[in-house]
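Notes follow the structure.
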There are 2 protein chains.
Amino acid sequence: MSAAEPKPVSMFDVARRAGVSHQTVSRVVNDAPMVAAATRAKVKAAIADLGYRPNRSARTLAGGTVRSVTVFTFDTSLYGTAETLRGIEDAASAAGFTVLVSVLDPEQTYTEGDILGRLSHDGAPAIVIAHDETTHRARRILRKAQPGAVVATGDDMLLAEPDADDWLVPLDDRLVAKRATKYLLSMGHRTVHYLAMPGKARRQDGWSEALVEAGIEPHEVVRSGWTIGSAAAAAAGLVADPEVTAIMCGNDDLAFGVLHAAHHAGRSIPGDLSVIGCDDSPMAAYHVPGLTTVDLDFRGVGRSAFELLRQRLEGGPKPRPAWRSPELIVRETSGPPRQRGPHPL
Amino acid sequence: MSAAEPKPVSMFDVARRAGVSHQTVSRVVNDAPMVAAATRAKVKAAIADLGYRPNRSARTLAGGTVRSVTVFTFDTSLYGTAETLRGIEDAASAAGFTVLVSVLDPEQTYTEGDILGRLSHDGAPAIVIAHDETTHRARRILRKAQPGAVVATGDDMLLAEPDADDWLVPLDDRLVAKRATKYLLSMGHRTVHYLAMPGKARRQDGWSEALVEAGIEPHEVVRSGWTIGSAAAAAAGLVADPEVTAIMCGNDDLAFGVLHAAHHAGRSIPGDLSVIGCDDSPMAAYHVPGLTTVDLDFRGVGRSAFELLRQRLEGGPKPRPAWRSPELIVRETSGPPRQRGPHPL
DNA sequence: ATGAAAGCGCTAACAC
DNA sequence: GTGTTAGCGCTTTCAT
């Protein structure tokens, strides 16, 4: 039943087989110069014959270049984080890096040791997808311990942190929310309500800024959890109120929850109520009615975060940001408010 | 700008500080017996003072117990894989294991070396979330190379493989699809069409079995990609055909695509057309109309996969499967076919 | 262009 | 109980 696992082949085995020293093998493996073409060929043949693969632990321990990234994130099943992770993975595997994922529980409080202990070793490169309190804390701990090997993605507020340019791939959450709110206002809504997800305070800032600039006093924010269900529950009061004609939501999932609640409250979309999401998740286009939202290129952000990290690690020119800028996508859940009162004309 | 990264503290530093040998520190760190309480306390104090954290690479290299798992999967943004991954992560981090994620591109063909080279070292424990050709191939390669350290999740067809009991956490895709199809048949549909996603042949098997047992000749399967959009496109012909009264879909996302296409084709749900999904993703309950689907406990499967791996690694009693069995969840997209023909009464 | 020696931080095996 | 000695597989530095 339990097959014997053959002893793995090491650099020395290859060396013996090729009739050279293990050091020469190392040179070949690492594409170092100063190896005769003939020797190189012999070694490569031996590597192929034996099926040799370098041991990453040994390489890391010996102080070789680290080719792995640890990604700290708080929920791999949310659209935004999943896509960011995908972007990181794409870029990382193209560059021959291994990706380690370390999931942080928002409910838990981690000590410095907890966070740093998740790295394979001190100084291991890391990317933090920072979107809530716990991940922000992890970002601070990691940046403090090893500033040269940590980059993060997060909202534009982080731009205020020291040297943010060097380590941040920012998403302008404030601007995104502001633009969406302004659009709703431009359709003629008297005000826009905001359904907030945990963290992500900047989206709320953008929303209230847009209102204030238009001379409107923002209503109190309604708070939701991360799930569609919690959004549906949180929005129950909002959708029941005929005075509410426009709701902007922290993300698409929350918007779907609101839409569900609105439907069950008998409100017609967008006649009675405009709803706008954020993220442009795949469902947004295929929901009926189509969800108006803002396209956010999380995958591009992930790729950029990796490139930035690599530049920090290996030097070289600062990579230029390579993600699409956010774009409002108007579909069918938004429109002008229906005329009310006794004189529709 | 670039702060000096302090030299990491090693076991020897702790040993010196505590006035013991590095070996004693190792014993304390690994909770080995044979350490005097007083010594243990001294060492723990030194560890805390110095902020010492063990180096995983060194530990792995020195042959200590490996506390990491590499998860091979093909798309972390799909609901099923994302949830399975979450389950693995939950169980793994509770057990003090690090999770590494290795994403395989379905479009690519990997050599044995490519796959094995993604492990941190030969023999490193791995879990394969096997749901398509590429991941199945990875599973075979890994199982062959190191049978003692690889488990997989996948459909029940794998039960036919040698020793499957020892390494497989099966999801009975055949039964799930069969049950859903039977339910549709029981509502009075003359036949049920199937919209397939790539791979996952067993769901198709279950569907056709149910039909054959009912004496119905299955129609040709319609094939879709993984995205909602591809499902909507693939289902265009199906939803345009008034003879089609029931469609079972490979998963919920495909079902949403079908629903979208059906809506645009002007068909009413479930009057003209019943649609059933698979997975019970969070959206299913909040879609309007609510999607009839089958609840699959991917998170439980992930947890079980990890527990099984751990048992393989460390011995001990075989863990009993700890995931909810699939359950049909009837919501609003399914019902009896509307009476047709000239004499409704 | 190649080899030899040293050591990364840790655990295992054996001493005391 | 605790310390000592050897490596694990690799990359460095320094010879040659």
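The analysis underlying the following values was restricted to heavy atoms, covering all of them including side chains, and did not include hydrogens, waters or symmetry mates. Each chain gets a letter, A, B and so on, in the order its sequence line appears, and its residues count up from 1. These numbers were taken from a predicted model, which means no experiment stands behind them.
B/T135 is linked by a side chain to side chain donor-acceptor pair (under 3.5 Å) to B/D132, counting only residues two or more places apart in sequence or in another chain. The ring pair (Phe, Tyr, Trp, His ring centres under 6.0 Å) check on A/W323 picks up nothing, with sequence neighbours excluded. A/R17 meets the side chain to side chain donor-acceptor pair (under 3.5 Å) test with A/D49; sequence neighbours excluded. For A/R27, the side-chain contact (heavy atoms from CB on, under 4.5 Å) criterion is met by A/Q23, A/T24, A/A32, A/V35, not counting sequence neighbours. Under the ring pair (Phe, Tyr, Trp, His ring centres under 6.0 Å) criterion, A/Y52 pairs with no residue at all, not counting sequence neighbours. With sequence neighbours excluded, no residue forms a side chain to side chain donor-acceptor pair (under 3.5 Å) with B/E133. Applying the ring pair (Phe, Tyr, Trp, His ring centres under 6.0 Å) rule to A/F12 yields the partners A/H22; only residues at least two apart in sequence or on another chain are considered.
Listed by residue number, B/M34, B/V35, B/A36, B/T39 are the residues of residues 32-50 of chain B with a heavy-atom contact under 4.0 Å to DNA chain D.
Between A/V103 and A/R118 the shortest heavy-atom distance is O-NH1, 3.1 Å.
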Exercise answer: donor-acceptor pairs, residues 86-95 of chain A side-chain atoms, under 3.5 Å, sequence neighbours excluded:
unit_1	atom_1	unit_2	atom_2	d
A/R86	NH1	B/D75	OD1	3.0
A/R86	NH1	B/D75	OD2	3.2
A/S93	OG	A/E89	O	3.1

Scan the side chains in residues 120-130 of chain B for donor-acceptor partners under 3.5 Å anywhere in the protein, sequence neighbours excluded, and list what turns up.
unit_1	atom_1	unit_2	atom_2	d
B/D122	OD1	A/R53	NH1	2.5
B/D122	OD1	A/R53	NH2	3.3

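From the 5' end on, the contacts that DNA chain D makes with chain A at under 4.0 Å to a non-hydrogen atom open and close at D/dG9 to D/dT12.
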All N/O contacts under 3.5 Å from nucleotides 8-11 of chain C to the protein, with atom names and distances to one decimal?
unit_1	atom_1	unit_2	atom_2	d
C/dC8	O2	A/L61	O	3.2
C/dC8	O2	A/A62	N	3.2
C/dG9	N2	B/A58	O	3.3
C/dC10	OP1	B/Y52	OH	2.4
C/dC10	OP1	B/N55	N	3.1
C/dC10	OP2	B/M11	N	2.5
C/dT11	OP1	B/N30	OD1	3.4
C/dT11	OP1	B/N30	ND2	3.0
C/dT11	OP1	B/R59	NE	3.2
C/dT11	OP2	B/S26	OG	2.7
C/dT11	O4	B/H22	NE2	2.9

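An OP1 or OP2 oxygen of C/dA4 is reached within less than 4.0 angstrom by no side-chain nitrogen or oxygen of A/S21.
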